[in-house]
Amino acid sequence: MTIKETDLKYIAHTYGRFPLVIKEGKGSLAFDESGKRYIDLATGIAVNAFGYCDEEWAKSVNKQLTTLQHTSNLYYTEPCAELAKMLCERTGMSKVFFSNSGAEANECAIKAARKYAAQNKGAEYSTIVTLKNSFHGRTLTTLAATGQDTFHNDFLPLTPGFVYAEANNISDLEEKVKNNKTAAIMFELVQGEGGVMPLEKSFVDKIIELSNEYNLVTIVDEVQTGNGRTGSLYAFEQYGIRPDVVSTAKGLGGGLPIGATMLSERLTDIFAPGDHGSTFGGNPVCCAGALSIINRIDDTLLAEVREKSEYIIKELSSSDGVNSVDGMGLMLGINTKRSADDIVKECMDKGVLVIKAKQKVRLLPALNIPWDLLKEAINTLKQVCESED
Ligand SMILES: *Cc1c(COP(=O)(O)O)cnc(C)c1O
């Protein structure tokens with residue numbers, strides 16, 4: 001059996017995979033079984049922050065792997081403590097809970113918000129207002145938080161206590177907050193799976209205003225936008241806000257599974273021993289990988305991310321095949337004249353990996369993608385966008 005046949009026979013059919021087996025990768029290049037080379041502008045959905053098997057990252061990970069791979073949270077370990085310290089120092093947050101995925105990071109954020117509201121306002125204040133078209137994960141609670149019916153069908157009932165306001169609609173948000181016993185507002189600053197849609201600054205300011213007025217917990221889901229992706233370490237910095245809770249995952253571990261929920265001063269003591277936990281959370285190998293990633297997301301790298309973003313936007317906006325480009329930093333969604341499916345497929349044939357977000361072509365290249373590969377890939381993408389069907 002080929003790899004594809006074995007996979008189809010034995011893996012549950014939850015994924016529609018592209019017809020490509022990736023055998024190995026180096027930096028921003030991936031190679032299939034025949035040795036064909038692909039420039040990767042998708043990075044495993046914003047996970048491989050520094051591309052495939054980055055040497056510095058691999059060295060840190062390997063060192064930890066051959067020193068101590070797991071202890072459980074019954075003991076202290078250095079990488080876990082050091083990563084939490086680095087995240088707090090870089091963000092101004094106070095405490096961190098480590099898990100293994102974005103959904104889990106959001107579960108923790110929701111638990112923190114519900115407990116805060118119960119303690120400070122009363123247990124009936126349990127509603128979390130999220131946004132339509134959002135994406136917060138696949139567990140039953142984070143699915144409930146996700147404001148897209150298509151993900152809910154077949155899995156009802158979901159966790160109760162979530163209502164959805166329309167993104168960038170201030171009066172709808174106000175109404176949803178006022179008409180419910182609201183604990184928190186949870187949102188992505190750039191809706192990723194929803195089609196790479198940045199929130200307007202005035203709408204985000206309104207979220208903060210309502211949160212102050214109603215003593216709400218603001219939860220920013222930076223699972224995709226975080227860790228340098230949008231041109232700042234976290235996207236909330238560019239909106240000039242200080243959230244109460246920030247969840248992140250995807251790029252944090254550079255390819256290893258790790259989620260983090262960061263709590264501000266206001267929620268610093270919200271959890272007591274026994275309130276929450278994770279057997280794998282804070283795994284030393286994943287934390288060593290994340291330390292290496294966060295350590296390298298400095299001002300120089302972030303300036304480069306923004307410069308590459310401007311280059312991509314300029315190149316594509318001037319293309320006849322492109323209607324518009326949305327997003328921030330190296331998280332971009334391209335509204336193309338041709339169908340996004342056709343573009344993804346044709347780019348793959350021509351050796352460039354891009355993915356979709358709703359009906360857009362989505363780009364999530366490595367933060368350190370070399371200029372020559374970026375230019376080559378964008379040229380290919382432009383040609384594909386401009387070609388006739
Ligand atoms: C991917 C994503 C998630 C879910 O992360 P998993 O690691 O797949 O659980 C949650 N929120 C946002 C914004 C995401 O992009």
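If you read the sequence from its start, that first residue is 1, and numbering goes on from there. All values derive from a computational prediction rather than experimental measurement. Whatever order the structure lists ligands and atoms in, that order sets their numbers, starting from 1.
- Taking each heavy atom of Leu252 and Thr248 in turn, the nearest pair found is CD2-CG2, 4.0 Å.
- The distance between the ring centers of Phe98 and Phe280 does not fall below 6.0 angstrom.
- Pocket lining of ligand 1, defined as residues with a non-hydrogen atom under 4.0 Å away: Ser101, Gly102, Ala103, Asn106, Phe135, His136, Gly137, Glu188, Asp221, Val223, Gln224, Lys250.
- When hydrophobic residues (I, L, V, M, F, W, Y) are linked wherever their side-chain heavy atoms come within less than 4.5 Å, the members clustered with Leu263 are Ile110, Tyr116, Ile128, Phe162, Tyr164, Met186, Val217, Ile219, Val245, Leu267, Ile270, Phe271.
- Every pair tested for salt bridge (Lys or Arg N to Asp or Glu O under 4.0 Å) that includes a residue from residues 140-162 fails, sequence neighbours excluded, so the list is empty.
- Between Ser387 and Glu346, the shortest heavy-atom distance links the atoms OG-OE2, 3.5 Å.
- The salt bridge (Lys or Arg N to Asp or Glu O under 4.0 Å) analysis of residues 317-332, with sequence neighbours excluded, yields the pairs Asp326-Lys360.
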